[in-house]
Structure formats: C-alpha cells, structure tokens
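Quick notes on the structure that follows.
Chain letters run A, B, ... following the sequence lines, proteins first and then strands; every chain starts at 1. This structure is a prediction, so every number in the text was calculated from the model and none was measured.
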2 protein chains.
Amino acid sequence: MHDPDSFGCRAFTAVLQRIGDKWSLLIVSVLADGPKRFSELRREIPSISQRMLTLTLRGLERDGLVSRTVTPSIPPRVDYELTQLGQSLRKPVCALAEWAMANIDVIHTSQTRFDRANGEKV
Amino acid sequence: MHDPDSFGCRAFTAVLQRIGDKWSLLIVSVLADGPKRFSELRREIPSISQRMLTLTLRGLERDGLVSRTVTPSIPPRVDYELTQLGQSLRKPVCALAEWAMANIDVIHTSQTRFDRANGEKV
DNA sequence: CCGAATCCTTTCCGATACTG
DNA sequence: CAGTATCGGAAAGGATTCGG
C-alpha cells in the first residue's frame, strides 16, 4: 500500500467487496487442506447454512478461486478444489487464520472491557 | 488450520465475523502507513461513507486494534492509530492487500467469463 | 472537523420445502 | 447428496440533518 496513487487501495477495496464477507476466506482456508466434497465442507463449518455455502462457493468459482467437479453417480458427488489462483491465496489467508487463532482471546478481552466502559452510561 | 480439532476454524470464524466485512481490513491496511486523522482516512478511501467509517473505526477500537486520540482544539482533531495488536495484524493484512493488487485483473477476467457462460441461458 | 441520530432502501441470510 | 426456490425478518449501508 505504498503506492503514490491509490491503485493499491482501490484494488484491495474491489477484492474485499467480493471475498470480504463472513465465509469466503474461511472456505478458502478450509480448502487449503485439499479438495473437499460439499458435505465435508458443511461438516467442517457447522455454523454455515446450506444456502450460504452454496452461494459462497458459487462466488468463489466465479472469481476463479475454486473449481467445481461433478461426478454424476448415485448419489451425486461434487468436489471443490482450489484452482491455481486459489492456491496463490493460500499463504496470505493461512497467515491471517493463524493470526486469528493467536489473538482471539486478546480481542475478546478487549471487546468485553470496551462494552463495560460504554455500557455503564446507559 | 491443521488442527485435529476445529479450534482453528472456530477462531477464524469468530474473527471474520468481526473484521471480515468490507471495510475493516482496508482501514487497517491504510493505517499501516502510520497514524491518520479522520478526514485523511475519508480522503484515502473515497468510496466509504462517513457513517460507515465512524462505525468501522468504532468496531476496530472495540477490538483493541485501533486507538483513538482526541485533541480538543478548534476545530477538533481526532487521530487514529494502530495499537500493538493492530501492528501485529499489519503483516498478514498487507500480504493480502498485495495479493489483491497482483490478481485483481485475473479475478475480473474470470468473473466476466463466468457471467457470460451463465448469462446465455436466461 | 468530527461524529451522533434519524430515516429509509437495499441486501443479507436463515428456515423451510421441494427436486434430480 | 447436492443442490434450487421462496419467503420474511434482520442487518447493512447511503443520505441527510443536527451538534460540540
């Protein structure tokens, strides 16, 4: 982000408008382990609804980050996998995920303190 | 994310529920250059509304990522700055920003192709 | 200059029911 | 198993106005 112009800012903004939601980065981080079926993703991310999983995967496929492979068997089987572009996102996303794991407690503590400090004057 | 249990997944989810929005990561990346006043942030991120800038900064302050310093002059002056915790988020976020800059074109191309392939059957 | 408050529209998203 | 379709409440977010 040390551009003289604001190209970096606009590019980052544009990307965040797409994958800066509650699920996209998480799904990328889960698929970083390797290809997964639809139902496996559901199991690994219990808090997501079927609808949002479908929509998010569709968006990632549209961005070229994830590939979708249908095996027309009975029962049907659909595998999702990071594309080459998705693979290149692996490192930054996993770095972010590790930061999250390392700091979730600090964040939660800070939130509690902030809420207490501001809740008193109600 | 190579945990046997799903602690990593849950922690990442929790963090993304907070900073996984359209603006938080962007603001962190802008503040990575150094402290900024409110109006400077507005200038650097033209597409954000005053309201969302205020709300997002409040959220980041609550998380302990950003500190807010009021200088009671006339006109008033308010500076925002990354805390130590915010500084630790700098590296992962800048890595993501750089990825965004490097790949925004590829993503856009992929989106256009996807939309054309799916728009035909309307 | 910074931001709180209100209003109002748009979008998100979970629940549910239904298909191949 | 892996979706799609539809609905309704919730939340996001822009525009505007007012205040210290």
Under 4.0 Å between a side-chain N or O of [X] and OP1 or OP2 of [N]?
{"X": "B:T54", "N": "C:dA4", "value": "no"}
{"X": "B:Y80", "N": "C:dG3", "value": "yes"}
{"X": "B:R51", "N": "C:dA4", "value": "no"}
{"X": "B:R68", "N": "C:dG3", "value": "yes"}
{"X": "A:S49", "N": "C:dA15", "value": "no"}

Can you tell me the distance, in whole Å, between the [atom1] atom of [X] and the [atom2] atom of [N]?
{"X": "A:M52", "N": "C:dA15", "atom1": "CE", "atom2": "C1'", "value": "14 Å"}
{"X": "A:I48", "N": "C:dC13", "atom1": "CD1", "atom2": "P", "value": "9 Å"}
{"X": "A:L53", "N": "D:dT4", "atom1": "CG", "atom2": "P", "value": "11 Å"}
{"X": "B:F38", "N": "D:dG20", "atom1": "CZ", "atom2": "P", "value": "18 Å"}
{"X": "A:R18", "N": "C:dC12", "atom1": "CZ", "atom2": "C1'", "value": "14 Å"}
{"X": "B:L16", "N": "C:dC13", "atom1": "CG", "atom2": "P", "value": "13 Å"}
{"X": "A:L26", "N": "C:dC13", "atom1": "CG", "atom2": "P", "value": "13 Å"}
{"X": "A:N118", "N": "C:dG3", "atom1": "CG", "atom2": "C1'", "value": "15 Å"}

Between CZ of B:R43 and CZ of B:R37, what distance do you get to the nearest 0.5 Å?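 Interatomic distance, B:R43 CZ to B:R37 CZ, rounded to 0.5 Å: 8.5 Å.
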Within the modelled atom types, does a donor on one side and an acceptor on the other bring the side chain of B:Q50 and the base of D:dG14 under 3.5 Å apart?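 Counting by modelled atom types and ignoring angles, no donor-acceptor contact under 3.5 Å is found here.
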Given 3.5 Å as the limit, does a donor-acceptor pair link the side chain of [X] with the main chain of [Y], or not?
{"X": "B:R113", "Y": "A:G64", "value": "no"}
{"X": "A:T112", "Y": "A:H108", "value": "yes"}
{"X": "B:N103", "Y": "B:V106", "value": "no"}
{"X": "A:R18", "Y": "A:G59", "value": "yes"}

Name the residue closer to the 5' end of DNA chain C, choosing between B:R37 and B:R58 according to the nucleotide with the nearest heavy atom.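 Taking each residue's closest nucleotide, the earlier one in sequence belongs to B:R37.
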Mind checking A:R42 for me? I need base, sugar-phosphate or nothing, with any heavy atom below 4.0 Å counting as a touch.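 Result for A:R42 = nothing.
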First encountered from the 5' end of DNA chain D, between B:D21 and B:P76: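 Closest to the 5' end, via its nearest nucleotide, is B:D21.
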